[in-house]
Amino acid sequence: MTCNDTDWAEDVDTYRRAVAQDRERYPLYGAAAANITPCAFWPHEPAEPPVEVSAEGPRNVLLLQNRRDPATPHLGGRLLREGFGHRARLVSVDAGGHGVYVFGDNACARNTATEFLVEGALPKRDTSCGASAGLDRQLDDEARHLRAETLDRLRSTP
């Protein structure tokens with residue numbers, strides 16, 4: 001996200017209220033994400049109007065979202081999925097952290113996304129992936145092998 005993407009609030013109290021609200025909603029990270037940024041003082045208007053999210057458009061949108069992502073809460077993924085309508089699927093992963101695919105350790109999310117990228121077909125419905133057994137840096141040999149296979153499969157796809 002950059003300052004030219006959207007019209008940012010310029011009133012400091014807007015951010016003060018958002019910080020207080022998000023501190024309650026998301027006690028681990030919320031206040032930081034809602035805080036004022038230099039974009040509030042950006043002297044230029046947005047470069048172009050915001051993209052409208054609707055049910056119209058390509059029918060192959062796959063969204064991957066961790067349930068406890070500190071930077072982009074799961075609610076945002078659900079709302080985006082709702083906006084896309086029947087042309088999208090949401091893969092919700094029982095994990096924290098920002099980012100799901102390839103370098104995460106969730107086999108369900110990795111396999112669902114790889115299948116979509118290689119075969120081009122969306123899952124039949126939204127998918128919920130359970131928690132993984134270990135942290136990414138503690139992958140066992142089998143998980144490392146599966147990750148390598150995933151990366152090789154993606155590299156060989158035209």
Side-chain angles (χ1 to χ4, degrees), residues 1-9 14-15 18 21-22 25-26 28-30 32-35 37-40 42 44-137 139 142-158:
M1 153 172 46
T2 62
C3 296
N4 261 11
D5 285 348
T6 190
D7 193 16
W8 292 80
T14 299
Y15 296 96
Q21 186 178 40
D22 279 7
R25 273 196 234 164
Y26 313 108
L28 295 178
Y29 192 80
N35 210 343
T37 70
C39 293
W42 188 249
H44 308 286
E45 293 300 312
E48 56 191 32
V51 174
E52 182 181 336
V53 175
S54 71
E56 299 300 316
R59 304 228 173 260
N60 62 345
V61 179
L62 184 67
L63 306 166
L64 293 104
Q65 179 73 49
N66 282 329
R67 291 192 183 276
R68 293 176 304 284
D69 183 327
T72 57
H74 189 256
L75 176 61
R78 289 194 342 243
L79 292 172
L80 186 58
R81 164 64 177 93
E82 185 179 304
F84 280 136
H86 295 293
R87 68 191 187 107
R89 298 295 181 273
L90 174 63
V91 177
S92 298
V93 183
D94 187 4
H98 185 66
V100 174
Y101 189 60
V102 177
F103 295 105
D105 67 343
N106 191 287
C108 167
R110 181 183 58 242
N111 293 339
T112 301
T114 300
E115 185 72 20
F116 168 71
L117 291 170
V118 172
E119 304 298 330
L122 286 173
K124 293 194 183 308
R125 63 189 63 82
D126 289 345
T127 302
S128 182
C129 294
S132 296
L135 297 174
D136 182 46
R137 63 184 174 274
L139 293 177
E142 180 182 354
R144 278 192 290 276
H145 178 74
L146 285 171
R147 176 186 285 167
E149 282 182 350
T150 298
L151 292 170
D152 287 344
R153 195 171 174 199
L154 287 172
R155 285 185 197 110
S156 67
T157 302

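Positions are given from 1 along the sequence.
- Residues passing the salt bridge (Lys or Arg N to Asp or Glu O under 4.0 Å) test with Asp7: none are found, sequence neighbours excluded.
- Side chains of Tyr15 and Thr37: a donor-acceptor N/O pair is absent below 3.5 angstrom, by distance only.
- Shown here is His44, whose NE2 atom has more than 12 heavy atoms of other residues, nucleotides or ligands within 6.0 Å.
- Once rounded to the nearest 0.5 Å, the distance linking OG1 of Thr112 with CG of Leu117 reads 11.0 Å.
- No donor-acceptor pair under 3.5 Å is formed between the side chain of Arg59 and the backbone N or O of Glu56.
- With hydrogens and angles disregarded, a donor-acceptor distance shorter than 3.5 Å links the side chain of Asp69 to the backbone of Thr72.
- Summarising the geometry of Leu62 relative to Ala113, their closest heavy-atom pair is CD2-CA, 3.8 Å, with the distance given to 0.1 Å.
- The distance from the CG atom of Asn4 to the CD atom of Glu45 is 9.5 Å, given to the nearest 0.5 Å.
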Donor-acceptor pairs are to be reported for all side-chain atoms of residues 118-127 against protein atoms at under 3.5 Å, with residues two or more places apart or in another chain.
unit_1, atom_1, unit_2, atom_2, d
Asp126, OD1, Arg81, NE, 2.8
Asp126, OD1, Arg81, NH2, 3.4
Asp126, OD1, Leu90, N, 2.8
Asp126, OD2, Arg81, NE, 3.3
Thr127, OG1, Arg125, O, 3.4

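- When all heavy atoms of Ser128 and Cys108 are compared, the closest pair comes out as O-SG, 4.5 Å.
- Closest approach of His86 to Arg89, counting heavy atoms only: O-NH1, 3.2 Å.
- Side chains of Asp94 and Arg68 form a contact here, defined as non-hydrogen atoms less than 4.5 Å apart.
- Across Gly99 and Asn66, no two heavy atoms sit closer than the pair O-ND2, 3.1 Å.
- Between Cys129 and Asn106, the closest heavy-atom pair is CB-OD1, 3.5 Å.
- To the nearest 0.5 angstrom, Leu79 atom CG is 10.0 Å from His74 atom NE2.
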request  = Could you give me the CA-CA distance, side-chain angles and deciding distance for Val91 and Val93, then say whether side chain to side chain contact (heavy atoms under 4.5 Å, CB included) is met?
outcome  = CA-CA 6 Å; Val91 177; Val93 183; 4.2 Å; yes
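- Side-chain N or O atoms of Arg87 include one that pairs as donor or acceptor with a backbone N or O of Pro58 at under 3.5 Å.
- The two residues Ala9 and Ala40 come nearest to each other via the heavy atoms O-CB, 3.4 Å.
- Under 3.5 Å, the side chains of Arg78 and Ser92 contain no donor-acceptor pair of N or O atoms.
- With rounding to the nearest 0.5 angstrom, the OG1 atom of Thr6 is 14.0 Å from the CH2 atom of Trp42.
- Interatomic distance, Arg110 CZ to Leu64 CG, rounded to the nearest 0.5 Å: 12.5 Å.
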